[in-house]
Amino acid sequence: MAILSSRRSSAAISVAAVAGLAAAGVGFAVGGASAGTVSGSLYRDPSSAVVRWVAANPGDSRAAVIRDKIASQPQARWYANFNPSTIQSEVSGFVGAANAAQQIPVLSVYEITNRDCGGASAGGAPDLNQYQTWVSNFARGLGNQTVLIILETDSLALQTCLSTGELNARNQALTTATQTIKSANPNAKVYLDGGHSTWNSANDTANRLRAAGVQYADGFFTNVSNFNPTSSEANFGRAVISALNGMGISGKRQVIDTSRNGGAAGDWCADDNTDRRIGQYPTTNTGDANIDAYLWVKPPGEADGCRYTAGSFQPDLAFSLANGAPNPPTTAPPTTNPPTTAPPTTAPPTTAPPTTAPPTTPPAGNGCSAAVAINQWNGGFTASVNVTAGSAAINGWTVTVALPGGAAITGTWNAQASGTSGTVRFTNVGYNGQVGAGQTTNFGFQGTGTGQGATATCAA
């Protein structure tokens, strides 16, 4: 965006001060109910990572912008840790605080077995039986007032790592999870994964939603952690709804993640992209009968797992997203202030460690070493490659990977690839070419076939 906006004065900032901002804790319904089925103010989590960073860094030159345009806004809380013994109390505490504030909480459930196909946010429940136990405990904490549930990002749009049997089992697990949540709290609004407008087709998406039990849910979400314009997502949503109607499944609605779609689209990873901007501020007042809410599901400033650990809050990312974006609309603060001392209970997903450890002894001189770890599934794999500098810093590296016969690369992140099969050369991108002595950077790739047995060498 080219719009510039004034900054508020950077006085001493505390969690309480952030909670007192004019926009704090509210969804921006500006008179009249939403055009969808959800109406009311959205809950701003007073213990989110961005709020805690602002409170801890009042003198930082970026703090005012991050405070005014990100920390002031309602965002989803992610439930991504497998903690069946404590999840009920964690959810109950979060939902209870939102209920006390007379606001609507947004909860992002991210616990499905084999999530992210072993990528940067790999993890989840050990198996689907334990997943159902976790979901049952999660549902018991939801109370009986309106809550918005974002159920398992990428679980339907990303299925390349699943066999037919595994896919059928996942679909049944999502159907059961939806029914479990709706049974525990009939006022819960549950949305299933719709990917985004530049991924799968509308008809394919509708078929996947039907297989996963969207008939029991309230609809679907799109654009989570992505950057497509709201107009494109709305058009895509209408096409999905039309396809569902053609299958005899009516009354389903969409929610759109607008947390980072106010700038350029392009490559999916925002960890090193200065063209991104926060998009439309969160609200249930969409003015569109097909759309229940514009939400910030992916918290702005939290990394994708390319340059930084997935889910970690990075102030430089937050500032890049917020700087130059318009100020949020002003509204009256809620009559009941949200609590300001609730401790954080969960954290977004973190990157799983590689299954093969990198060498413990770095090479001498200006050399480098590379270690590749393969996560294999039926028909495909992902690879995580650690590049480690020797006893002196390096400025630029090339890693040569020898792939087994029949393996072919379909995607790469944090590096540039030359070739797709056999011997493939990877070179650094702009931000990860300089590696300090004894330090490590990482890149990865995804492929078809069998990746087991791949070897890597490094030259600097």
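Position 1 is the first residue of the sequence, and the numbers go up from there.
For Asn171, the side chain to side chain contact (heavy atoms under 4.5 Å, CB included) test picks out Leu156, Leu167, Ala211, Ala212, with sequence neighbours left out. For Gln452, the side chain to side chain contact (heavy atoms under 4.5 Å, CB included) criterion is met by Ile374, Gln376, Thr450, not counting sequence neighbours. Residues passing the side chain to side chain donor-acceptor pair (under 3.5 Å) test with Arg62 are Asp60, sequence neighbours excluded. Under the ring pair (Phe, Tyr, Trp, His ring centres under 6.0 Å) criterion, Phe236 pairs with no residue, sequence neighbours left out. Partners of Phe220 according to the ring pair (Phe, Tyr, Trp, His ring centres under 6.0 Å) rule, which considers only residues two or more places apart in sequence or in another chain, do not exist here.
Taking the side chain as every heavy atom from C-beta outward, Phe221 and Thr153 approach each other to under 4.5 Å. For the pair His196 and Phe227, the minimum side-chain heavy-atom distance is 4.5 Å or more. Using a 4.5 Å cut-off on side-chain heavy atoms (C-beta onward), Trp199 and Leu158 make contact. Side-chain atoms of Val50 and Pro300, non-hydrogen and from C-beta on, never get closer than 4.5 Å to each other. Within the 4.5 Å cutoff, no side-chain heavy atoms of Ser48 are placed close to those of Pro299. By the 4.5 Å heavy-atom criterion applied to side chains, Leu107 and Val95 are counted as neighbours. Residues Leu42 and Gln103 fail the side-chain proximity criterion, which asks for heavy atoms closer than 4.5 Å. Counting heavy atoms from C-beta on, the side chains of Arg238 and Asp288 come closer than 4.5 Å.
Of the possible donor and acceptor atoms, none in the side chain of Glu302 sits under 3.5 Å from a partner among the backbone N and O of Ala310. Checked by atom type and distance alone, the side chain of Arg210 never pairs as donor or acceptor with a backbone atom of Gln215 at under 3.5 Å. Asp127 places a side-chain N or O within 3.5 Å of a backbone atom of Gln130 that can act as its donor or acceptor partner. A distance-only check finds no donor-acceptor pair linking the side chain of Glu233 to the backbone of Ile256 [under 3.5 Å]. Checked by atom type and distance alone, the side chain of Glu152 pairs as donor or acceptor with a backbone atom of Glu111 at under 3.5 Å. Between the side chain of Asp154 and the main chain of Asp116, no donor-acceptor pair closer than 3.5 Å is present. Thr441 contributes no side-chain N or O that, together with a main-chain N or O of Val387, makes up a donor-acceptor pair within less than 3.5 Å. At distances below 3.5 Å, not a single donor-acceptor pair connects side-chain atoms of Asn137 with backbone N or O atoms of Gln88. No side-chain donor-acceptor contact under 3.5 Å links Asp45 to the backbone of Arg77. In this structure, the side chain of Arg115 engages the main chain of Ala80 through a donor-acceptor pair within 3.5 Å.
Inspection of the Thr230 and Asn261 side chains reveals an N or O donor paired with an N or O acceptor under 3.5 Å. For the 3.5 Å distance criterion, the side chains of Thr180 and Gln132 fail to qualify, holding no donor opposite an acceptor. For Ser201 and Asn203, the side-chain atoms include no donor-acceptor pair closer than 3.5 Å. Under 3.5 Å, the side chains of Asn114 and Glu166 contain no donor-acceptor pair of N or O atoms. Judged purely by distance below 3.5 Å, without hydrogens or angles, the side chains of Thr205 and Asn200 never pair a donor atom with an acceptor atom.
Interatomic distance, Trp53 CH2 to Ile70 CD1, rounded to the nearest 0.5 Å: 9.5 Å. We find the CE-OG distance between Met247 and Ser242 to be 10.0 Å, quoted to the nearest 0.5 Å. Atom CZ of residue Arg140 and atom CD1 of residue Ile87 lie 12.0 Å apart, to the nearest 0.5 angstrom. Rounding to the nearest 0.5 angstrom, the gap separating the CG atom in Leu148 from the OG atom in Ser108 is 11.5 Å. Atom NZ in Lys189 sits 7.0 Å away from atom OG1 in Thr146 (nearest 0.5 Å). If you take CG on Asn235 and OG on Ser197, they are separated by 8.5 Å, rounding to the nearest 0.5 Å.
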- Task: Just do the side-chain contact (heavy atoms from CB on, under 4.5 Å) check on Tyr294 and Asn285 with the steps written out, would you?
- Result: CA-CA 8 Å; Tyr294 300 130; Asn285 190 24; over 6 Å; no
Q.
Lys69 vs Asn327, test: side-chain contact (heavy atoms from CB on, under 4.5 Å). Steps then yes/no.
A. CA-CA 6 Å; Lys69 298 178 182 179; Asn327 283 322; 3.4 Å; yes
### Task
Assess whether side-chain contact (heavy atoms from CB on, under 4.5 Å) is satisfied between Ile409 and Val401, documenting all intermediate values.
CA-CA 11 Å; Ile409 292 175; Val401 176; over 6 Å; no
Exercise. Start with the C-alpha distance between Asn129 and Thr133, add both sets of side-chain angles, then the distance that settles side-chain contact (heavy atoms from CB on, under 4.5 Å), and finish with yes or no.
Key: CA-CA 7 Å; Asn129 287 331; Thr133 298; 6.0 Å; no
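A salt bridge is absent between Arg208 and Asp193; no separation between the charged side-chain nitrogens and carboxylate oxygens falls under 4.0 Å.
If you run side chain to side chain donor-acceptor pair (under 3.5 Å) between Tyr191 and each of Thr222, Asp292, Thr178, only Asp292 comes through.
Closest approach of Asn185 and Leu142 over heavy atoms only: ND2-O, 3.2 Å. Annotation for Ala157 and Gly195: closest pair CB-CA, 3.6 Å, computed over non-hydrogen atoms. When every heavy atom of Val51 is checked against every heavy atom of Pro46, the shortest pair comes out as CG1-O, 3.3 Å. Among all heavy-atom pairs drawn from Phe426 and Ala417, the shortest one is CE2-CB, 3.7 Å. Across all non-hydrogen atoms, the minimal contact from Tyr281 to Pro326 is OH-O, 2.6 Å. When all heavy atoms of Val106 and Phe94 are compared, the closest pair comes out as O-CE2, 4.0 Å.
Pairs of residues two or more places apart, or lying in two chains, that qualify as ring-ring contact (aromatic ring centres under 6.0 Å, His included) and include a residue from residues 136-156 are Tyr79-Phe138, Trp134-Phe138.
The environment of OH in Tyr216 is sparse: at most 12 heavy-atom neighbours from other residues, nucleotides or ligands sit within 6.0 Å.
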